Protein chains: 2
Amino acid sequence: MSAERSAPVSDEAADPRPVLAVDIGGTKIAVALVGPDAAVSDRVVVPTPVSGRPEEAWATVTAAAAGPLARAAARGGIRGIGIGSAGPVDPAAGTISPVMITVWRDAPVRAWAAAWAPGVPVVLTGDGICVATGEHWAGAGRGARNMLGCTVSTGVGGGLILGGRPWPGPSSNAGHIGHVITDPDGPSCPCGSRGCLELTASGTALLSRARAAGWIGPGPGASTADLADAARAEDPVATRAFADAGRALAAAFTSVCAVCDLDLIVVGGGVAQAGPLLFDAIDAGMREFAGLPFLRRVAVRRAELGADTGLIGAAAPLHRPDRYAAPENLRPPPASHPLP
Amino acid sequence: MSAERSAPVSDEAADPRPVLAVDIGGTKIAVALVGPDAAVSDRVVVPTPVSGRPEEAWATVTAAAAGPLARAAARGGIRGIGIGSAGPVDPAAGTISPVMITVWRDAPVRAWAAAWAPGVPVVLTGDGICVATGEHWAGAGRGARNMLGCTVSTGVGGGLILGGRPWPGPSSNAGHIGHVITDPDGPSCPCGSRGCLELTASGTALLSRARAAGWIGPGPGASTADLADAARAEDPVATRAFADAGRALAAAFTSVCAVCDLDLIVVGGGVAQAGPLLFDAIDAGMREFAGLPFLRRVAVRRAELGADTGLIGAAAPLHRPDRYAAPENLRPPPASHPLP
């Protein structure tokens with residue numbers, strides 16, 4: 001993977017300056033420099049703030065960014081700042097209201113980040129799109145025209161690339177593959193619907209379904225990695241949990257491809273670390289559900305960028321605006337915007 | 001409806017010449033003139049050929065087109081020829097291979113139609129996209145940026161408008177809403193999958209499911225209109241068939257909107273003639289399944305163009321190439337292409 005990622009991924013005369021990338025997730029926030037070849041360096045990871053005034057909570061991120069910014073300044077500065085965040089996000093307004101980060105509601109992170117390096121563009125992107133753009137720019141999706149990037153982790157999320165460009169949709173919510181309905185008579189989902197893919201295929205669901213069927217594993221702190229170990233040891237409950245998850249993912253992928261006419265699905269996230277346990281089940285499901293010729297041609301590949309996907313995807317619109325930028329995102333925020 | 005359709009739908013300086021539109025379906029083929037205001041005139045309908053050599057079968061369509069072409073010639077000619085066809089279609093090659101029209105396989109209909117009026121552009125579009133572009137240009141989808149046009153008829157089909165433009169996808173198969181999987185443990189589908197929406201919501205499925213549950217109606221020739229009459233008379237089996245269809249449509253619509261982030265769904269076709277029987281069930285299903293705020297905002301509207309949708313959609317890329325044309329479609333076929 002690192003060999004692939006060190007290969008040039010840009011075909012334009014590159015600005016050698018890195019992008020400062022910020023990846024805001026429900027449990028941790030990563031800051032790093034991402035070069036024009038998608039190489040990630042100077043990574044700093046901090047826990048996501050759970051309390052405090054919004055601006056005070058942001059000070060944690062500002063502190064994390066200080067080191068990478070100083071190192072970049074010594075080498076010619078940064079090309080811009082790319083923020084990827086759990087949703088909902090409002091890329092046009094530059095604000096985020098992540099469901100699981102209650103301290104930030106309509107938090108003006110684009111303006112806050114702009115104060116770190118006045119004069120450079122700051123771009124905000126939803127984390128689902130970052131998965132897709134990261135893998136499309138520098139990972140398993142390189143060269144694809146029409147793909148879904150999908151993360152199977154605590155939840156299930158993703159983003160679409162259509163015609164070689166990101167499709168965030170009018171509300172920046174496109175790619176919510178976790179809330180495709182795979183069991184209309186299934187259990188209620190916290191989203192207000194029922195039978196969503198996420199209730200079968202997320203890491204959370206894998207564990208709760210296995211526990212409900214009697215699996216205990218190493219105890220209350222058991223992880224999906226423990227469940228994968230149990231499946232590899234042929235525990236039938238654990239095996240069934242991965243088989244159900246893969247089959248539900250395949251049903252959802254087939255439905256999305258029937259409507260969007262995609263060429264490729266790239267699957268990453270913590271649960272994808274289970275490897276063949278999950279991917280063999282997805283492949284079996286695709287053979288079951290993808291009947292029409294244009295669906296049978298769809299390839300499913302494992303993501304290549306691991307935990308760096310979000311950072312690389314957040315930087316992509318600044319390094320490759322021709323492909324990945326939403327035009328309204330590339331303007332610096334107005335100087336009159338209140339800054340922390 | 002006709003009052004709405006007589007209103008101007010073009011905001012560019014219009015070429016006053018009509019488009020000759022051809023709508024190729026499994027049971028009938030319609031030919032008509034479609035004006036720059038989307039008004040349909042000089043309509044001729046013939047049965048779809050079921051036997052004969054491919055070129056001989058096309059002679060039926062050529063004969064149907066003769067009258068409209070002559071009347072247009074007397075008034076300044078036509079702007080172009082727009083063909084909408086049941087799929088699979090290959091818009092780039094100008095050929096069609098409709099599943100239900102066995103006489104045509106890789107039939108070069110664009111070249112055949114070009115012989116009717118040499119020198120004008122001929123555009124070929126899949127019928128799913130025609131539903132979407134027709135309603136978007138001149139019907140219930142006017143002004144929408146992101147919509148699904150859906151036909152519920154013998155089968156269930158449709159097309160996507162994304163960012164105000166058609167999204168046919170790389171294989172021209174996008175919009176296959178009928179093969180979204182709404183019941184992964186459901187019955188096998190002729191497409192090779194199982195539990196497809198079409199198995200619950202198509203007219204064919206409504207009738208077969210009602211019959212399997214004991215409904216007889218007027219006998220073997222009973223139609224979905226008869227089934228709708230029975231439901232209005234509170235026949236429980238008929239009522240249940242429409243309720244199941246509407247709920248399955250809502251589940252599929254919600255899944256598509258979760259991934260594509262749409263604003264609007266427009267539903268037409270013969271089964272939609274059942275009106276509130278179907279639409280009340282869809283609305284109830286949307287309340288059940290569309291939980292996330294960006295999904296709750298989606299509107300579902302009844303199509304406005306009736307049986308003319310396909311003709312109007314086939315003409316749309318020629319009258320409004322700025323919105324509806326795929327560039328490679330607007331070149332006349334090479335003169336050396338074999339013609340019938």
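Protein chains get the first letters and strands the later ones, always in sequence-line order, with residue 1 at the start of each. Fair warning: this is a prediction, and the values are worked out from it, not measured in the lab.
- Between the OG1 atom of B/Thr254 and the CZ atom of A/Arg194 there is a distance of 12.5 Å, given to the nearest 0.5 Å.
- When each of B/Gly291, B/Ala174, B/Pro168 is checked for heavy-atom pairs under 4.5 Å with chain A, B/Ala174 comes out on top.
- Using a distance-only test at 3.5 Å, with no hydrogens or angles considered, a donor-acceptor pair links the side chain of A/Ser255 to the main chain of B/Ile181.
- With a threshold of 4.5 angstrom between heavy atoms, B/Pro190 does not approach chain A through any atom at all.
- Shown here for A/Ile177 and B/Val259, the closest heavy-atom pair between the two residues is CA-CG2, 4.1 Å.
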Report task. Go through B/Leu162 and A/Leu162 one step at a time and tell me if the side chain to side chain contact (heavy atoms under 4.5 Å, CB included) criterion holds. Result -> CA-CA 10 Å; B/Leu162 298 178; A/Leu162 298 178; 3.4 Å; yes

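- One finds the OG atom of A/Ser193 at 10.0 Å from the CE atom of B/Met286 (value rounded to the nearest 0.5 Å).
- To the nearest 0.5 Å, atom OG of residue B/Ser171 and atom CG of residue A/Leu292 are 10.0 Å apart.
- We find the NE2-CG distance between B/His176 and A/Asp261 to be 9.0 Å, quoted to the nearest 0.5 Å.
- Contact count versus chain A (heavy atoms, under 4.5 Å) is highest, among B/Leu197, B/Leu262, B/Val180, B/Asp185, for B/Val180.
- With rounding to the nearest 0.5 angstrom, the NE2 atom of A/His179 is 14.5 Å from the SG atom of B/Cys257.
- In plain terms, the two heavy atoms of B/Pro184 and A/Arg247 that are nearest each other are O-NH2, 2.8 Å.
- For a residue to count as touching a neighbouring chain, one of its non-hydrogen atoms must lie under 4.5 Å from one of that chain's; by this rule A/Pro88 does not touch chain B.
- Your options are A/Gly163, A/Pro170, A/Gly175, and the one with the most heavy-atom pairs under 4.5 Å with chain B is A/Pro170.
- Sparse packing is recorded around CZ of A/Arg240, with 12 or fewer heavy atoms of other residues, nucleotides or ligands lying under 6.0 Å away.
- Of the listed residues (A/Gly192, A/Gly169, A/Ala258, A/Ala248), the greatest number of heavy-atom pairs within a distance under 4.5 Å of chain B belongs to A/Ala258.
- In this structure, OG on A/Ser188 lies 8.5 Å from CD on B/Glu288, to the nearest 0.5 angstrom.
- Using a 4.5 Å cut-off between heavy atoms, A/Asn146 touches chain B through its side chain atoms alone.
- Counted within 6.0 Å of CZ on B/Arg302, heavy atoms from surrounding residues, nucleotides or ligands total more than 12; the atom is thus considered enclosed.
- Interface remark: A/Arg297 contributes side-chain atoms only to the contact with chain B (heavy atom separation under 4.5 Å).
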